[in-house]
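Only one structure is covered here, and it is reproduced in the block below.
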Amino acid sequence: MPNAPADRTRRLTFHEPGPLLVDGPVEVELEDGTTVTSDRFRVALCTCRRSRRYPWCDTSHRRRVRRTAAD
């Protein structure tokens with residue numbers, strides 16, 4: 001329910017350039033309005049949009065190496 005008081009405070013942990021870690025269980029509303037849920041104790045949410053399982057992180061951010069202008 002929107003704006004309802006939470007049962008407990010949720011912890012979010014940022015890992016640059018990796019995923020956003022959220023203490024679960026979680027419910028995520030996507031841009032198209034669909035909702036996905038996870039009942040895991042900790043969830044990794046993709047922040048780079050490379051994941052094949054978006055919005056869940058599948059560590060795809062580790063496989064791509066960005067090249068600089070010097071390369």
Side-chain angles (χ1 to χ4, degrees):
M1 176 189 298
N3 299 323
D7 293 341
R8 62 183 173 92
T9 302
R10 299 283 184 216
R11 180 176 299 241
L12 306 176
T13 307
F14 287 94
H15 288 275
E16 197 60 43
L20 172 65
L21 300 179
V22 182
D23 288 350
V26 299
E27 180 177 281
V28 179
E29 184 177 334
L30 302 176
E31 293 172 1
D32 65 1
T34 59
T35 303
V36 293
T37 59
S38 175
D39 60 356
R40 296 181 61 135
F41 69 94
R42 179 162 293 157
V43 179
L45 296 175
C46 177
T47 58
C48 69
R49 293 192 171 253
R50 294 180 190 145
S51 175
R52 291 186 187 107
R53 299 185 62 224
Y54 186 83
W56 316 121
C57 179
D58 66 1
T59 67
S60 292
H61 59 274
R62 294 180 186 168
R63 293 187 204 115
R64 180 176 284 170
V65 176
R66 293 184 184 185
R67 296 189 179 251
T68 61
D71 288 345

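- The line from OG1 of Thr34 to CD of Glu29 is 8.0 Å long, rounded to the nearest 0.5 Å.
- In this structure, SG on Cys57 lies 12.0 Å from CZ on Arg52, to the nearest 0.5 angstrom.
- Residue pairs meeting the side chain to side chain donor-acceptor pair (under 3.5 Å) criterion with at least one partner in residues 35-47, sequence neighbours excluded, are Asp23-Arg42.
- Between Val36 and Trp56 the shortest side-chain heavy-atom distance falls below 4.5 Å.
- You'll find the side chain of Leu21 stays beyond 4.5 Å of the side chain of Leu12, heavy atoms only.
- Connection of Phe14 to Val22 is established within a shared hydrophobic cluster, with ILVMFWY side chains joined at heavy-atom distances below 4.5 Å, either directly or through further cluster members.
- Side chains of Leu45 and Pro19 form no contact here, defined as non-hydrogen atoms less than 4.5 Å apart.
- Applying the salt bridge (Lys or Arg N to Asp or Glu O under 4.0 Å) rule to Arg11 yields no partners; only residues at least two apart in sequence or on another chain are considered.
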